[in-house]
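First the structure, in the form of structure tokens, and then the observations on it.
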Amino acid sequence: MKGNRWDDHFTLRARREQWLARSVYKLEEIDKKNRLIRPGDSILDLGCYPGSWSQYCLKKVGPKGEVVGIDLKKPERFSAPNFKFIQADILAVDIDSLKDEIGSCNGVFSDLAPRTSGIGVTDAARSLRLAEGAFRIALTVLKEGGSFLCKVFEGEDLLVFRKTVLHRFRQGRTVRPAAVRKASREIYLLGMGLVK
């Protein structure tokens, strides 16, 4: 019997360790290197379905912290008393109303991905649009000194967006975690220490 062609070391490990998706290892690697999440933090997880990033964040923030997830589809395979889900399109959400509802956050993390077409330029443009939406939300809801982590596909407009994002933070970098598939064009922009 042939296995799923997408199954790899990280997929099998995620199943074994009871994470909802292999993407958790991307966030875990970035967090371990940069200490993004602390006990008691409030985190906004954009594109939270199927829930592995929220799962990880809940483990790190502990019972005194909270995680809010936003996605078009609700993660149904987990729940926690300090997890709140908002069903919304991040490109259409009223950001001021969102801030009124969730308050300010220590971190805004986005693993948003577009529906891919297989056309590199189109997919990169769609990814960048989502990343820009995530950044607009982050600028509104992040506390002074907060962190922003955002997936984006490599493309010709990425350099301008990267400069725009990193200009707002005391520290910033581009990262490509080991769990990113070899053929993928995805990278992560990380900004730490938001300057309001």
Side-chain angles (χ1 to χ4, degrees), residues 10 19 21-48 52-62 64-70 82 90-91 93 95-96 98-99 102-114 124-125 127-182 184-196:
F10 291 106
W19 295 109
R22 69 186 293 290
S23 60
V24 70
Y25 300 114
K26 301 170 191 177
L27 177 58
E28 180 184 56
E29 179 185 328
I30 295 167
D31 178 46
K32 282 184 174 177
K33 287 181 179 173
N34 301 281
R35 297 194 316 265
L36 299 179
I37 311 166
R38 293 180 170 81
D41 275 357
S42 174
I43 304 294
L44 178 59
D45 178 8
L46 301 174
C48 68
S52 66
W53 278 32
S54 290
Q55 260 186 310
Y56 178 83
C57 290
L58 284 165
K59 180 180 163 187
K60 293 295 299 273
V61 301
K64 293 187 177 174
E66 74 170 340
V67 176
V68 176
I70 299 180
N82 53 342
I90 69 109
L91 296 176
V93 72
I95 300 174
D96 292 324
L98 177 66
K99 184 170 184 187
I102 69 170
S104 295
C105 301
N106 302 97
V108 173
F109 304 150
S110 170
D111 199 34
L112 288 160
S127 171
L128 183 61
R129 186 165 178 246
L130 290 172
E132 290 169 340
F135 184 54
R136 280 191 296 276
I137 290 171
L139 290 179
T140 302
V141 304
L142 268 181
K143 294 177 181 177
E144 173 90 22
S147 297
F148 175 62
L149 176 65
C150 171
K151 175 166 70 182
V152 65
F153 295 170
E154 293 178 282
E156 61 184 46
D157 295 324
L158 178 59
L159 286 177
V160 174
F161 178 64
R162 180 183 186 276
K163 186 176 179 182
T164 301
V165 170
L166 300 185
H167 176 73
R168 295 299 307 267
F169 294 88
R170 291 187 198 98
Q171 297 178 53
R173 63 185 61 92
T174 306
V175 291
R176 185 177 166 91
V180 171
R181 296 185 194 277
K182 299 275 187 272
S184 176
R185 296 174 63 200
E186 73 185 48
I187 58 168
Y188 289 82
L189 293 182
L190 172 61
M192 296 177 293
L194 176 71
V195 178
K196 285 278 191 179

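Model, not experiment: these values are computed from the prediction. Only heavy atoms go into these numbers, but all of them, side chains included; no hydrogens, no water, no symmetry mates.
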_Where Leu44 and Cys105 come nearest, the two heavy atoms and their spacing_ = CB-SG, 4.0 Å
*Spacing of Ser127 atom OG and Glu132 atom CD [to the nearest 0.5 Å]*: 9.5 Å
*Under 3.5 Å, is there a donor-acceptor pair between the side chain of Asn82 and the main chain of Lys64?*
no
_Partner set under side-chain contact (heavy atoms from CB on, under 4.5 Å) for Val24, not counting sequence neighbours_ = Trp19, Ser52, Tyr56
*Do Val67 and Val61 pass the side-chain contact (heavy atoms from CB on, under 4.5 Å) test, and can you show the C-alpha distance, the side-chain angles, and the key distance before you say yes or no?*
CA-CA 8 Å; Val67 176; Val61 301; 4.2 Å; yes
*Smallest separation among heavy atoms of Ala124 and Arg185, with atom names*: CB-NH2, 4.2 Å
_Pairwise side-chain contact, Lys60 with Asp31, heavy-atom cut-off 4.5 Å (strictly under)_ = yes
*Okay, side chain of Arg173, backbone of Leu189: is any donor-acceptor separation there less than 3.5 Å?*
no
_For Glu186, is there an ion pair with Arg181 - N to carboxylate O distance below 4.0 angstrom?_
no
*asked:* Main chain of Ala178, side chain of Glu29: is a donor-acceptor contact present, judged purely on distance under 3.5 Å?
replied: yes
*For the residue pair Asp157 and Phe161, establish whether any side-chain heavy-atom pair is separated by less than 4.5 Å.*
no
*Would you say Val195 and Arg168 make side-chain contact, with heavy atoms under 4.5 Å?*
no
*Do Leu158 and Val152 have side chains that get closer than 4.5 Å, going by heavy atoms?*
yes
*Is any side-chain heavy atom of Tyr188 less than 4.5 Å from a side-chain heavy atom of Pro177?*
yes
*Can you check whether Leu27 reaches Cys57 side chain to side chain, under 4.5 Å on heavy atoms?*
yes
*asked:* Test side-chain contact (heavy atoms from CB on, under 4.5 Å) on Phe109 and Ile43; report intermediate values, then the result.
replied: CA-CA 8 Å; Phe109 304 150; Ile43 304 294; 3.6 Å; yes
*asked:* Give me the atom names and distance for the closest heavy-atom approach of Ala131 to Lys151.
replied: CB-O, 4.1 Å
*Spacing of Leu46 atom CG and Cys150 atom SG [to the nearest 0.5 Å]*: 8.5 Å
_Backbone of Val180 reached by a side-chain donor or acceptor of Ser184 within 3.5 Å_ = no
Give the table of side-chain donor-acceptor pairs shorter than 3.5 Å for residues 134-148, with sequence neighbours excluded, one pair per line with atom names and distance.
from, atom 1, to, atom 2, distance (Å)
Thr140, OG1, Arg136, O, 3.3
Glu144, OE1, Lys196, N, 3.1
Glu144, OE2, Arg170, NH2, 3.3

*With a 4.5 Å limit on heavy-atom distance, are the side chains of Met192 and Asn34 in contact?*
yes
*Sort and list the pairs that fulfil salt bridge (Lys or Arg N to Asp or Glu O under 4.0 Å) and have at least one residue in residues 35-45, not counting sequence neighbours.*
none
_Between CD on residue Glu154 and OG1 on residue Thr174, distance to nearest 0.5 Å_ = 9.0 Å
_Using 0.5 Å steps for rounding, measure from the CD atom of Glu28 to the CG atom of Leu36._
12.5 Å
_If we ignore hydrogens and angles and just use 3.5 Å, is the side chain of Trp53 paired with the main-chain N or O of Asp111 as donor and acceptor?_
no
*At what distance, to the nearest 0.5 angstrom, does OG1 of Thr164 lie from NE2 of His167?*
8.5 Å
*asked:* Quick check on Lys99: does its NZ atom have over 12 non-hydrogen neighbours (other residues, nucleotides or ligands) under 6.0 Å away?
replied: yes
*Inter-residue atom distance Leu166.CG - Leu190.CG, 0.5 Å rounding*: 8.5 Å
